Amino acid sequence: MVSRPEDPPLRSSPACERNQAAIRSVLEDWVVDNGVLLEIGSGTGQHAAYLIDLFTHLVWQPSDRVPDHKSIAGWASTSSDPARIRRALTLDVSDEQAWANAPRFQTLLTVNTLHIMSWEHVQQLFYHSAAIADANGRLLVYGPFHENGGPTSEGNAVFDNQLRAEGGGMGIRDIESVRATAAANDWLERAHYQMPANNQMLVFGRPGLSD
C-alpha cells in the first residue's frame, strides 16, 4: 500500500462562521480587489477560504504563529482558488524582526485579536502595521469593545471577566484607547460599523487614503 501524507488539519471556529458574512459586507466597501490583503492573526484560516472566493482578483496573505499554519493551509486548500491564498507568514505582533521583513500591503485586516493579547501587544500591532502599510493603506479591526469605560452588553461583560481570569493581559479593549493608539501611529479613523453579537468594525486609513 502506498502511503500518502495526511491532509492538513482543519480547525474550526464557530465565531468565524458567525461573523464572516458581516465582515464581507464591510470589506466590499474598503478592499481593493486587485491588491494584496494581509490578515493579522489568521487563526484557523477560515476567513481566507471564505472571503477569497468573493473577491476574484484579491490575493490573501494569512499570518499567525507557526502552530496555526497547518490549519491555515488546510482551509486554503478548500477554496476555489488556493493559488490566491499565500503561504502563511510567521508573524507575532511582538516580533520586530518579523515585521521588519514583511512587505508592504494596501489592506490589513485583524479579526478578534485585540482582546486575546496584552495591551502592550495591541500598541505594537498599530505601530508595526503602520510601518508596512502603503501610503493609502487601510486597517480594519473587528471585535468587541468597551465604550465609556464599560462593556456594551452583559455578554461582553462576562466574556471580559473570563479573559482577564485567564491572565496574560487579555481583555476587551476600551474603544477610546484603541482610537487614541491608532491616531498616535497616524492611523486615521475613516468608518465605524456596528456588527452582530455586540461586535464592531473600526476602519482606519493612512494619511494618503482618500475618502
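Everything numeric in this text was worked out from a predicted model, so none of it was measured. Below, each value reflects all heavy atoms present in this structure, side chains not excepted, and no hydrogens, waters or symmetry copies. Heads up: numbering here begins at 1 and tracks the sequence.
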Ignoring hydrogens, what is the shortest heavy-atom contact between Ala49 and Asp53? Give both atom names and the distance.
O-OD2, 3.5 Å
Least distance between heavy atoms, Ser129 atom then Leu139 atom:
OG-CD2, 3.9 Å
Distance-only, no hydrogens or angles: does the Asp160 side chain make a donor-acceptor pair with backbone N or O of Gly171 under 3.5 Å?
no
Could you check whether any side-chain heavy atom of Tyr50 comes within less than 4.5 Å of a side-chain heavy atom of Arg24, counting everything from C-beta outward?
yes
Contact list for residues 80-94, test salt bridge (Lys or Arg N to Asp or Glu O under 4.0 Å), sequence neighbours left out
Asp81-Arg84
For the residue pair Pro207 and Leu188, what are the closest heavy atoms and their distance?
CA-CD1, 4.1 Å
Tell me the ring pair (Phe, Tyr, Trp, His ring centres under 6.0 Å) pairs involving residues 127-150, sequence neighbours left out?
Trp99-His128
Please check this pair: side chain of Arg138 against backbone of Leu108, looking for a donor-acceptor N/O pair closer than 3.5 Å.
no
State the OG1-CD distance between Thr152 and Gln200, to the nearest 0.5 angstrom.
6.0 Å
Inter-residue atom distance Ser63.OG - Leu38.CG, 0.5 Å rounding
4.5 Å
Sub-4.5 Å side-chain heavy-atom contact between Ile23 and Val111
yes
Do Arg65 and Thr90 make a side-chain contact, defined as non-hydrogen atoms from C-beta onward lying under 4.5 Å apart?
no
Nearest-0.5 Å distance, CG of residue Asn34 to CG of residue Leu58:
9.0 Å
Please tell me if the side chains of Leu109 and Ile40 come closer than 4.5 Å, counting only heavy atoms from C-beta onward.
no
How many angstroms lie between CG in Leu27 and OG1 in Thr107, if you round to the nearest 0.5 Å?
8.5 Å
Following the transitive rule for hydrophobic clusters with a side-chain heavy-atom cut-off under 4.5 Å over Ile, Leu, Val, Met, Phe, Trp and Tyr, establish whether Leu140 and Leu54 coincide in one cluster.
yes
Side-chain donor/acceptor of Thr110 to backbone N/O of Thr113, under 3.5 Å:
no
Check whether Asp134 reaches the backbone of Gly137 with its side chain - one donor and one acceptor, N or O, closer than 3.5 Å.
no
Cluster question for you: counting only ILVMFWY and a side-chain heavy-atom cut-off of under 4.5 Å, with indirect links fine, are Phe159 and Ile175 together?
no
Give every residue pair that meets the side chain to side chain donor-acceptor pair (under 3.5 Å) criterion with at least one member in residues 173-185, sequence neighbours excluded.
Arg179-Glu189, Arg179-His192
Minimum heavy-atom separation for Arg206 and Ala130, please, with both atom names.
NH1-CB, 3.5 Å
Could you see if Leu51 belongs to whatever hydrophobic cluster contains Val59? Use Ile, Leu, Val, Met, Phe, Trp, Tyr and a side-chain cutoff under 4.5 Å.
no
Counting only heavy atoms from other residues, nucleotides and ligands, does the tally under 6.0 Å from CD of Gln194 exceed 12?
yes
Correct closest heavy-atom pair for Tyr193 and Ala191 would be CE1-CB, 3.6 Å
Does any donor atom in the side chain of Thr44 or Gln46 lie under 3.5 Å from an acceptor atom in the other side chain?
yes
Return yes if some donor-acceptor pair links the side-chain N/O of Trp60 with the main-chain N/O of Val36 below 3.5 Å, else return no.
no
Does any part of the side chain of Ile172, heavy atoms only, come nearer than 4.5 Å to the side chain of Arg164, both counted from C-beta?
no
Are any non-hydrogen side-chain atoms of Ser79 and Ile85 less than 4.5 angstrom apart?
yes
Minimal heavy-atom distance between Pro196 and Ala22, with the atoms involved, is CD-CB, 3.6 Å
State plainly whether one hydrophobic cluster holds both Leu202 and Trp187, where clusters connect Ile, Leu, Val, Met, Phe, Trp and Tyr through side-chain heavy atoms under 4.5 angstrom apart.
yes
Measure from the side-chain N and O atoms of His57 to the backbone N and O of Gly35, and report whether any donor-acceptor pair falls under 3.5 Å.
no
Val178 vs Leu114 side-chain heavy atoms within contact, under 4.5 Å
yes
A side-chain contact here means heavy atoms from C-beta on lying under 4.5 Å apart; do Gln20 and His47 qualify?
yes
Check whether Trp75 reaches the backbone of Arg11 with its side chain - one donor and one acceptor, N or O, closer than 3.5 Å.
yes
Output the distance between atom CG (Asn112) and atom CG (Asn199), rounded to the nearest 0.5 Å.
6.0 Å
With no hydrogens and no angle check, do the side chains of Glu28 and Ser25 hold a donor and an acceptor under 3.5 Å apart?
no
Taking atom CG of Asn156 and atom CG of Asn161, what is their separation to the nearest 0.5 Å?
11.0 Å
Cluster link Ile132 to Val141, ILVMFWY, side chain under 4.5 Å:
yes
Where do Met117 and Leu125 land on the side-chain contact (heavy atoms from CB on, under 4.5 Å) test, with the steps shown first?
CA-CA 10 Å; Met117 61 177 76; Leu125 185 152; 4.0 Å; yes
